[in-house]
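Below is one structure, written out as structure tokens, with a few remarks after it.
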Amino acid sequence: MATTYRGRFAPSPTGPLHFGSLVAALGSYLDARSHQGEWLLRMEDLDRTREIKGAADRILLTLDEFGFTWDGPVVYQSQRTEAYEAALQTLIRKGLAYRCSCSRKEIAQIAQRGKEGPIYPGTCRNSLKKYRDTHSIRLLTRHEEIICTDQVQGPIQQNPGRELGDFIIRRSDGFHAYQLAVVVDDGWQGINQVVRGADLLMSTPRQRYLQQLLSLPKPDYAHLPLAVDTQGRKLSKQYRDAPVDSRRPLDSLLQALAFLGQPLPTEKPDDLSEFWTWAIEHWSLKKIPAQRQIPVSPANQ
Ligand code: GLU
């Protein structure tokens with residue numbers, strides 16, 4: 001029997017749904033539904049320091065107003081701490097993770113800079129460099145290439161040992177890191193297709209590595225281009241970083257569909273249901289431009 005496609009959308013409640021997150025929601029949704037698959041929602045509210053009060057409910061409301069439907073209850077990462085801690089303890093028991101007391105400042109002074117930030121030089125690998133009240137937990141990395149084929153962006157490669165160094169899986173303030181939580185949850189929720197924004201493309205090798213260490217199944221990945229402003233910068237308020245307009249869902253959905261390189265109906269659909277039928281029927285991952293970023297013009301033009 002063929003495995004059921006199971007995808008997900010995993011927003012962080014750091015603000016309302018904007019054009020960029022709508023693109024990720026739409027891409028993951030259409031890919032799932034065009035494969036008769038399930039689409040799950042996970043609220044990545046692990047980092048309470050970045051959370052905006054009310055944003056999670058607002059995101060869910062907007063998705064509903066736009067006509068997205070999801071399967072099963074919404075999972076909240078803030079309620080899954082025990083699962084992340086259990087995975088972390090497994091890694092420690094296997095000798096794959098260790099305590100680190102280095103401060104950011106100390107690391108910045110000695111570390112080389114990589115594409116993803118300072119490359120941790122392994123200072124606390126064998127023992128804590130300094131005693132401190134709090135410490136983070138780092139994952140041991142190897143000097144070994146991890147090669148993945150992304151369904152949109154093509155082959156990617158990373159050597160975590162050389163390019164990242166041992167990375168944090170539990171922060172010194174006690175929060176489990178995104179890389180660990182996402183892998184634990186994708187495994188637990190049985191996600192076999194991850195469709196998300198290309199800002200996370202180079203997180204995939206780390207996630208593959210963690211899946212291997214935790215004996216978790218490996219989903220397939222498709223990374224969608226990110227909407228940036230005409231200078232290649234993160235979207236600002238004048239651009240489409242403003243919350244999507246719930247009074248005109250069709251307009252935003254059609255713009256997001258065009259952004260993903262999909263064909264548009266010749267006439268504007270009469271309602272959301274007509275839009276969704278068209279979009280699911282005509283969806284093709286192959287039509288998505290294999291770019292990590294695509295500039296969009298200001299929303300008011
Ligand atoms: N929570 C992440 C975000 O909102 C997405 C994580 C993922 O899809 O793996 O950017």
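Read the numbers this way: they start at 1 and go in the same order the structure lists the ligands and their atoms. As the structure is a computational prediction, the values presented were derived from the model and not from experiment. Along the sequence shown, residues are numbered consecutively beginning with 1.
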If you scan protein heavy atoms around atom 9 (O) of ligand 1, the nearest is Tyr178 OH, 2.7 Å
Which pair of heavy atoms, one from Trp278 and one from Leu264, lies closest together, and at what distance? CZ2-C, 3.5 Å
Find all atoms of ligand 1 within a distance of less than 4.0 Å from any non-hydrogen atom belonging to Val182, and give their numbers and elements. 9 (O)
Which ligand 1 atoms does Arg196 reach within 4.0 Å, using its non-hydrogen atoms? 7 (C), 8 (O), 9 (O)
Lys/Arg cation over aromatic Trp283: Arg33, 6.0 Å, 45° cone: no
Donor-acceptor pair, side chain of Gln153 and main chain of His223, under 3.5 angstrom: yes
Under 3.5 Å: donor-acceptor pair, side chain of Ser21, backbone of Leu17: no
In this structure, does ligand 1 have an atom that sits under 4.0 Å from one of the heavy atoms of Arg8? yes
Mode of [X] contact toward ligand 1 - side chain, backbone, both, neither (heavy atoms, under 4.0 Å):
| X | answer |
| --- | --- |
| Phe9 | neither |
| Val194 | neither |
| Ser12 | both |

[X] side chain to [Y] side chain, donor-acceptor N/O pair below 3.5 angstrom:
| X | Y | result |
| --- | --- | --- |
| Arg6 | Gln189 | no |
| Tyr120 | Gln112 | no |
| Ser12 | Tyr178 | no |

Between [X] and ligand 1, is there a nitrogen or oxygen pair with a distance under 3.5 Å?
| X | result |
| --- | --- |
| Ala10 | yes |
| Glu44 | yes |
| Arg42 | no |

